[in-house]
Amino acid sequence: MDPVEPDARARAWEEFVEAVLSCVEQVPPGRVTTYGAIADAVGRHGPRRVGNVMSRHGGAVPWWRVVRADGTLPACHDGEARQHHLEEGTPLRRSGKVDLPAAFFQPESGPA
DNA sequence: AACCTGACAGCCG
DNA sequence: ACGGCTGCCAGGT
């Protein structure tokens, strides 16, 4: 019978992952984007799923350029991310957060 | 099949 | 400004 898609769901998820990673790579140095922005760009799932993808495949992209909606650095290795931002000249606030209005970048779900 | 966890986001106190 | 709770969706145990 036409078991054309033994795991169409897994495939869809893989596609989602590719789209997310693509968006992160689009973010230029000195700029940052948010999980919600990526989720919005991809137009599927939610920001939480984006975070999940990053934790698994984030090692292949500039993960430090992805921050929370309020400018808070990633939940892990915030010190590591801080170092990268200081080096790239990302507008940081005394609060230890990123100045989103100044550094926010909206990627697209394009094919990279 | 059920329950818990999770690189989040938004609202409330 | 900060901490806590809830909502959403998929994965892992």
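Within every chain, numbering begins at 1; the chains are lettered A, B, ... in the order of the sequence lines, protein sequences first and strands thereafter. None of the values given here were measured: they were computed from a predicted structure.
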In whole angstroms, how far is the P atom of B/dA7 from the CH2 atom of A/Trp63? 13 Å

Are A/Leu73 and A/Val98 side-chain neighbours, meaning at least one heavy-atom pair lies under 4.5 Å? yes

Consider only side-chain heavy atoms of I, L, V, M, F, W and Y, link residues closer than 4.5 Å, and tell whether A/Leu21 and A/Phe16 are in one cluster. yes

Distance in angstrom units between A/Asn52 CG and C/dC8 P, rounded: 18 Å

Are A/His57 and A/Val20 side-chain neighbours, meaning at least one heavy-atom pair lies under 4.5 Å? no

Output the rounded distance in Å from CZ (A/Phe16) to P (B/dA7). 14 Å

Are A/His77 and A/Trp64 near enough that their ring centres are under 6.0 Å apart? no

Can you tell me if A/Arg9 touches the phosphate of C/dG11, counting only side-chain N or O atoms and a distance under 4.0 Å to OP1 or OP2? yes

Expressed in angstrom and rounded to an integer, what is the separation of A/Asp40 atom CG from C/dC8 atom C1'? 15 Å

Given side chains that start at C-beta, do those of A/Leu100 and A/Val67 come closer than 4.5 Å, heavy atoms only? yes

Might you list the N or O atoms of the protein lying below 3.5 Å from N or O atoms in nucleotides 9-13 of chain B, with each pair's distance?
{"unit_1": "B/dA9", "atom_1": "OP1", "unit_2": "A/Gly36", "atom_2": "N", "d": "3.3"}
{"unit_1": "B/dA9", "atom_1": "OP1", "unit_2": "A/Ala69", "atom_2": "N", "d": "3.3"}
{"unit_1": "B/dA9", "atom_1": "OP2", "unit_2": "A/Ala69", "atom_2": "N", "d": "2.8"}

Within a reach of under 6.0 Å around CD of A/Gln106, are more than 12 heavy atoms found that belong to other residues, nucleotides or ligands? yes

Tell me which residues in residues 77-101 of chain A lie within less than 4.0 Å of DNA chain B, going by non-hydrogen atoms. none

Before you tell me yes or no, could you show the steps for A/Ile38 and A/Met54 under side chain to side chain contact (heavy atoms under 4.5 Å, CB included), namely the whole-Å CA-CA distance, both residues' side-chain angles and the distance that decides it to 0.1 Å? CA-CA 11 Å; A/Ile38 295 173; A/Met54 292 296 289; 5.5 Å; no

Using only heavy-atom distances, decide whether a donor-acceptor pair under 3.5 angstrom links the side-chain of A/Arg49 to the base of C/dC8. yes

Does the pair A/Arg65/A/Glu88 count as a salt bridge with the N-to-O cut at 4.0 Å? yes

When the distance from CZ of A/Arg56 to P of C/dA10 is rounded to whole Å, what number comes out? 14 Å

